[in-house]
Amino acid sequence: MLRRVPRSLLTGDAPDVAPLLLNKLLVHGDCLGRIVEVEAYREDDPASHTFRGETPRNAVMFGPAGHLYVYFTYGMHYCSNVVTGPEGRGAAVLLRAVDPMSGVEVMRERRHDRPGLADGPAKLCQAFAIGPEHNGADLCRGSGIGLFDDGTPPPDGPLVGPRIGISKAVDVPWRFRVPVV
DNA sequence: GGAACGATCTGC
DNA sequence: CAGATCGTTCCC
């Protein structure tokens, strides 16, 4: 039984919301997977795209919670975030890794049989076919991309550590991961 | 107008 | 461990 993740779960502070997204399900078409690693980014956070204020690129992060913020980086990759917090705040949770559950065959094709289907922020976008056309998509409503709950609670003791691939606020421990069983 | 720099991934 | 590759942002 799948229930949609309610927007109310996402309106809190990004570092608080991030661990709650662990074990939730990301669904796009026939592709479904469990979120196992995330990172929180906040407006007052030097590592966040919103640190220097609102721009056309990061506008979605300042919008209402529960929408998808998709950005392009390194000239070739897309990464996706769940917008959190009250409207106007500029915060989000980066989806870093997903455990594929359905649609594995399509994901393999989209990944061109390379190792690691969705164990990286850009890899999961490729596997789930998430692109710029999904920037701003509502994850709590509609028939496109969505966040769902299958009753599996977030882990009691998530792994917590510093975020990866950033050059500012390197020591802030806002990366959360589902412990390996 | 120009330059620097990525919330990454891959292949060597 | 360095290269790929280009949009965004910032500085002159």
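Just so it is clear: chains get the letters A, B, ... in the order the sequence lines come, proteins before strands, and each one is counted from 1. Everything quoted here is computed from the prediction, not taken from an experiment. Only heavy atoms go into these numbers, but all of them, side chains included; no hydrogens, no water, no symmetry mates.
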Kindly give the atom pairs (protein nitrogen or oxygen, nucleotide nitrogen or oxygen) under 3.5 Å for nucleotides 8-12 of chain B.
residue, atom, partner, partner atom, Å
B/dT8, OP1, A/Arg96, NH1, 3.4
B/dT8, OP2, A/Gly165, O, 3.3
B/dT8, O2, A/His77, NE2, 2.9
B/dC9, OP1, A/Pro121, N, 3.3
B/dC9, OP1, A/Ala122, N, 2.9
B/dC9, OP1, A/Lys123, N, 3.0
B/dC9, O4', A/His77, NE2, 3.2
B/dT10, OP1, A/Arg111, NH1, 2.8
B/dT10, OP1, A/Arg111, NH2, 2.5

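Of the possible donor and acceptor atoms, one in the side chain of A/Arg110 sits under 3.5 Å from a partner among the backbone N and O of A/Ala127. For the pair A/Arg89 (side chain) and A/Thr84 (backbone), a donor-acceptor distance under 3.5 Å is absent.
For the pair A/Tyr69 OH and B/dA7 P, the interatomic distance rounds to 9 Å; values are reported in whole Å. Rounding to whole angstrom units, CG of residue A/Asn58 and P of C/dC10 are separated by 10 Å. Between the C1' atom of C/dC11 and the CZ atom of A/Arg52 lies a distance of 12 Å, rounded to the nearest Å. In this structure, A/Asn135 places its CG atom 14 Å from C1' of C/dT8, rounding to the nearest Å. Atom pair A/His49:NE2 and C/dC10:C1' shows a separation of 15 Å (rounding to whole Å applied).
Contacts of A/Phe72 with the nucleic acid, taken as non-hydrogen atoms under 4.0 Å apart, involve only primed sugar atoms and P, OP1 or OP2. At a threshold of 4.0 angstrom between heavy atoms, the contacts of A/Arg57 are confined to the sugar-phosphate backbone, with no base atom among them.
Searching all strands for a Watson-Crick or G-U wobble partner of B/dT8 with both distances below 3.5 Å returns C/dA4.
The distance from atom CZ of A/Arg34 to atom CG of A/Leu21, rounded to the nearest 0.5 Å, is 13.0 Å.
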